[in-house]
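Heads up: the structure comes next, in structure tokens.
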Amino acid sequence: MEILKITTENLSQYVNTELVFEGHIEFDAKLGWLTFKRIFAKGHVIAAAGTGIKAGTGIKAGEGIEAGTGIEAGTGIEAGWGIKAGTGIEAGWGIKAGEGIKAGWGIEAGWGIEAGTGIEAGTGIEAGTGIEAGTVISVKLRIFAGLVIWRNPEPQELEIRCRKLTSGEVAYGKLIEAGKDEASNA
């Protein structure tokens, strides 16, 4: 698969555009926060240390998304494999990964967060609807699910589903671990 390499030399032709590529997109280190209208790659999207990516209408990769700094999208973030950021991951809508989601700081989504395997955040996890992980969820502080400010959340929007919560606490939502149905602070 072809690789589109974004460097300081060619950066100006891509920033603030719809970055659509049929292969992999890779960003050099230390480019700072880069803003795009949208990012779409059939392969992976990787930003080296010191580079963060923001997209107004979303980031989607057929494989994984990884940023040395952070990942931020006005709408959704979706990857066929995993999503990983050195600092935080934030999406106006949902975050979905075929495998795991990992952030050095927090993970925040306006709608739901879904990962095929685990979800791990340095501080907290927050989602407007539900949070679902195929295996484990691990956070250093707190988890919030079902934060809807204009109406009362539906019961399924409060659900945090995983095999096991290994660290952190559910501050708001309902924890459902591997077949158990135990409410936590809902």
Side-chain angles (χ1 to χ4, degrees), residues 39-47 52-55 58-149 152-186:
I39 298 174
F40 173 82
K42 278 203 173 172
H44 61 248
V45 175
I46 296 177
I53 49 177
K54 294 182 187 181
I59 301 170
K60 184 173 182 177
E63 296 178 7
I65 300 171
E66 183 173 336
T69 304
I71 301 169
E72 185 176 319
T75 58
I77 300 171
E78 184 176 338
W81 296 351
I83 301 171
K84 182 179 178 184
T87 58
I89 300 171
E90 183 176 334
W93 291 359
I95 300 171
K96 183 176 181 179
E99 293 182 10
I101 300 172
K102 183 176 183 177
W105 291 354
I107 301 171
E108 182 177 336
W111 291 358
I113 300 171
E114 182 180 332
T117 58
I119 301 172
E120 183 178 333
T123 56
I125 299 173
E126 181 177 323
T129 58
I131 299 170
E132 185 171 333
T135 57
V136 300
I137 296 177
S138 171
V139 297
K140 289 189 179 166
L141 294 176
R142 300 176 299 178
I143 301 170
F144 298 84
L147 298 179
V148 183
I149 60 171
N152 287 326
E154 298 293 326
Q156 68 273 14
E157 294 174 324
L158 295 166
E159 293 179 358
I160 302 162
R161 295 181 169 274
C162 62
R163 189 185 63 193
K164 183 163 180 63
L165 175 64
T166 59
S167 65
E169 68 174 322
V170 175
Y172 189 79
K174 180 179 180 181
L175 178 62
I176 302 171
E177 291 181 313
K180 297 178 192 173
D181 191 4
E182 299 175 12
S184 296
N185 302 323

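Quick caveat: nothing in here was measured; it's all calculated off a predicted structure.
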Ser167: partners by side-chain hydrogen bond (donor to acceptor under 3.5 Å, both in side chains), with sequence neighbours left out
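In terms of side-chain hydrogen bond (donor to acceptor under 3.5 Å, both in side chains), with neighbours along the sequence ignored, Ser167 is linked to Ser138.
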
Partners of Glu90 by side-chain hydrogen bond (donor to acceptor under 3.5 Å, both in side chains), sequence neighbours excluded?
none

Over all heavy atoms of both residues, which pair between [X] and [Y] is shortest? Give the atoms and the distance, please.
X: Ala61; Y: Gly43; value: CB-O, 3.4 Å
X: Gly94; Y: Ala109; value: CA-CB, 4.3 Å
X: Gly88; Y: Trp105; value: N-CB, 4.1 Å
X: Ala121; Y: Gly106; value: CB-CA, 4.3 Å
X: Gly58; Y: Ala55; value: O-CB, 3.4 Å
X: Arg163; Y: Glu177; value: O-CB, 3.6 Å

Within the side chain of Glu159, is there an N or O that forms a donor-acceptor pair under 3.5 Å with the backbone of Ile176?
no

How many angstroms lie between [atom1] in [X] and [atom2] in [Y], if you round to the nearest 0.5 Å?
X: Glu66; Y: Ile53; atom1: CD; atom2: CD1; answer: 10.0 Å
X: Glu169; Y: Lys140; atom1: CD; atom2: NZ; answer: 15.5 Å
X: Ile113; Y: Glu126; atom1: CD1; atom2: CD; answer: 8.5 Å

Could you walk me through whether Ile143 and Leu165 pass side-chain contact (heavy atoms from CB on, under 4.5 Å), step by step?
CA-CA 10 Å; Ile143 301 170; Leu165 175 64; 3.7 Å; yes

Any chance you could lay out the side-chain contact (heavy atoms from CB on, under 4.5 Å) test for Tyr172 and Leu158, step after step, and finish with the verdict?
CA-CA 8 Å; Tyr172 189 79; Leu158 295 166; 3.4 Å; yes

Do Cys162 and Ile131 pass the side-chain contact (heavy atoms from CB on, under 4.5 Å) test, and can you show the C-alpha distance, the side-chain angles, and the key distance before you say yes or no?
CA-CA 8 Å; Cys162 62; Ile131 299 170; over 6 Å; no

